[in-house]
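Remember, it's 1-based here, ligands and their atoms both numbered in the order they're listed.
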Amino acid sequence: MPLTPVEKNSLVEKTPVTLLGLGAMGAALARAWLAAGHPITVWNRTSARAAALAPEGARVAQSVAEAVTASTLVVVCLLDDASVDEALTGADLAGKDLVNLTTSTPAQARARAQWARTCGARYLDGGIMAVPPMIGVPEAGGYVFYSGSRDAFEQHRQTLDVPARTAYVGENAGFAALHDVALLSAMYGMFAGVAHAFALIRKEDIDPATLAPLLADWLVAMAPTVHRTAEQLRSGDYTNGVVSGLAMQVAGTPTFLRTAEQQGVSPELLSPYFALMRRRLAESSGEEDLTGVIDLLVR
Ligand code: FVH
């Protein structure tokens, strides 16, 4: 009888993985690789967290050195760059492929790549666009940006695809972190707008639960405008395809600020953006889009 795809998959030898760091994210990553049949060696500063994974099939290393020796593919998911420094200083990484999924700045990622090279390791930096419950659940839509060694990425792509879909964004090791921070910064801008919207209705007889779906649908409807912004940035023509011009939008800002005042809401989240819109209008055509604000931000 022919083997099913699942049976065939279970016969393929799976790449061994060493994982340093078993916080919320590290533990989720470990469980995803274990579920997919990868031999995994784990280390965590607080050893109880590593021991908890032993009954699920993880091999527990007593030291970073022991963990690093166990596999060519060494994945790090620690709190921050300083903890990566602390954990990896002195480790023998010669011949290893180091994948760093710790959130860092692009400059930290580039410095880490340079450091890995001097240790004789190939380096990939990762920016995780998922929260722990999305790991190992492809339908949840999470993914991880990778940048750095293309060869290491190609070699380990299948293994890296296990916890979450992969998106390689270039050999510049800082690019994964840059994409990560760009998307998360946009998310915080959205959270700021959402906070202001709920604050406006806070003292009224309006159920926040009735505003929520309206708000969510509106944000989804507005999201595709990022494509027009990208096209305008590419062409340099900020008047191309404009739907609501800068002059009209600036004229509307007093209404937003007065409404905030009337509702007893601080304008501190909205005001900085409105100030940039006004500055741009003062030096350009009112017929262009909001895209010019980007040029005011870039120093
Ligand atoms: N959790 C999330 O929602 C986000 C999703 C997007 C990506 N982030 C980043 O992932 C990195 C790890 O995050 P985490 O959720 O696993 O974080 P914690 O649960 O707080 O675990 C932190 C681990 O780091 C270890 N650690 C901290 N300091 C040191 C150190 N000096 N030396 C060695 N290890 C250290 C800590 O060990 P312990 O406290 O258990 O001993 C945990 O293993 C992070 O960059 C997020 O930004 C997650």
Side-chain angles (χ1 to χ4, degrees), residues 17-34 40-54 56 58-68 70 73-93 98-113 115-116 119 123-138 140-148 160-169 173-191:
V17 180
T18 282
L19 177 61
L20 309 178
L22 296 168
M25 184 52 81
L29 295 168
R31 291 199 165 94
W33 275 310
L34 280 168
I40 179 159
T41 303
V42 294
W43 172 87
N44 193 64
R45 180 182 61 176
T46 306
S47 56
R49 277 176 144 169
L53 283 168
E56 298 175 43
R59 184 182 149 210
V60 178
Q62 302 307 316
S63 64
V64 170
E66 184 191 334
V68 166
L73 178 58
V74 177
V75 179
V76 184
C77 187
L78 297 172
L79 187 63
D80 54 14
D81 191 59
S83 44
V84 175
D85 230 19
E86 203 174 312
L88 288 183
T89 297
D92 180 5
L93 292 169
L98 181 63
V99 177
N100 184 12
L101 299 181
T102 307
T103 301
S104 45
T105 67
Q108 284 170 333
R110 281 190 285 269
R112 185 63 57 198
W115 172 82
C119 296
Y123 184 80
L124 273 174
D125 202 82
I128 306 176
M129 301 310 301
V131 290
M134 294 163 81
I135 298 298
V137 184
Y143 64 95
V144 181
F145 287 120
Y146 287 97
S147 60
L160 298 175
D161 259 324
V162 168
R165 188 166 56 79
T166 56
Y168 182 76
V169 289
F175 277 9
L178 189 55
H179 281 72
D180 184 20
V181 172
L183 266 59
L184 293 177
S185 300
M187 176 191 79
Y188 282 116
M190 180 186 77
F191 287 166

Under a 3.5 Å distance rule, please check whether Ser147 uses its side chain to pair with a backbone N or O of Ala176 as donor and acceptor.
yes
Do [X] and [Y] touch side chain to side chain, with heavy atoms closer than 4.5 Å?
| X | Y | answer |
| --- | --- | --- |
| Leu53 | Ile40 | no |
| Leu29 | Cys77 | yes |
| Val99 | Tyr146 | yes |
| Val144 | Thr166 | no |

Selection from [options] by shortest heavy-atom distance to [atom]:
| atom | options | result |
| --- | --- | --- |
| atom 23 (C) of ligand 1 | Val76, Val144, Leu79, Leu20 | Leu79 |
| atom 28 (N) of ligand 1 | Gly26, Cys77, Gly21, Ser83 | Ser83 |
| atom 43 (O) of ligand 1 | Leu29, Ile135, Asn44, Asp180 | Asn44 |
| atom 11 (C) of ligand 1 | Leu78, Thr102, Asp80, Thr103 | Leu78 |

Which of the atoms of ligand 1 are close to [X], meaning less than 4.0 Å from one of its heavy atoms?
| X | value |
| --- | --- |
| Val131 | 3 (O) |
| Ile128 | 6 (C), 7 (C) |
| Leu22 | 43 (O) |

When only distance counts, is [X] in polar contact with ligand 1, meaning an N/O pair under 3.5 Å?
| X | result |
| --- | --- |
| Arg45 | yes |
| Arg49 | yes |
| Pro132 | no |
| Ala24 | yes |

Sequence neighbours excluded, which residues qualify as salt bridge (charged side-chain N to carboxylate O under 4.0 Å, His left out) partners of Arg49?
none
Taken in chain and number order and not counting sequence neighbours, the residues that satisfy salt bridge (charged side-chain N to carboxylate O under 4.0 Å, His left out) with Glu66 are Arg59
Quick test: of every protein heavy atom, which one is nearest to [atom], and how far off is it to 0.1 Å?
| atom | result |
| --- | --- |
| atom 5 (C) of ligand 1 | Ala130 O, 3.1 Å |
| atom 31 (N) of ligand 1 | Glu86 OE1, 3.2 Å |
| atom 41 (O) of ligand 1 | Thr46 OG1, 2.5 Å |
| atom 4 (C) of ligand 1 | Met25 CE, 4.3 Å |
| atom 21 (O) of ligand 1 | Gly23 CA, 3.3 Å |

What verdict does the side-chain contact (heavy atoms from CB on, under 4.5 Å) test give for Tyr168 and Leu124, after you've listed the backbone C-alpha separation in whole Å, the side-chain angles of each residue and the deciding distance to 0.1 Å?
CA-CA 10 Å; Tyr168 182 76; Leu124 273 174; 4.2 Å; yes
Positive for side chain to side chain donor-acceptor pair (under 3.5 Å) with Arg112, one of Thr102, Asp85, Asn100
Asp85
Might you point out which heavy atoms bring Ile135 and Ala164 nearest each other, and give the distance in Å?
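So the two residues come closest at CD1-CB, 4.4 Å.
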Heavy-atom gap Gly127 to ligand 1 smaller than 4.0 Å:
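No, Gly127 has no heavy atom closer than 4.0 Å to ligand 1.
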Quick one: sort the Phe175 and His179 rings into parallel, tilted or perpendicular, breaks at 30° and 60°.
tilted
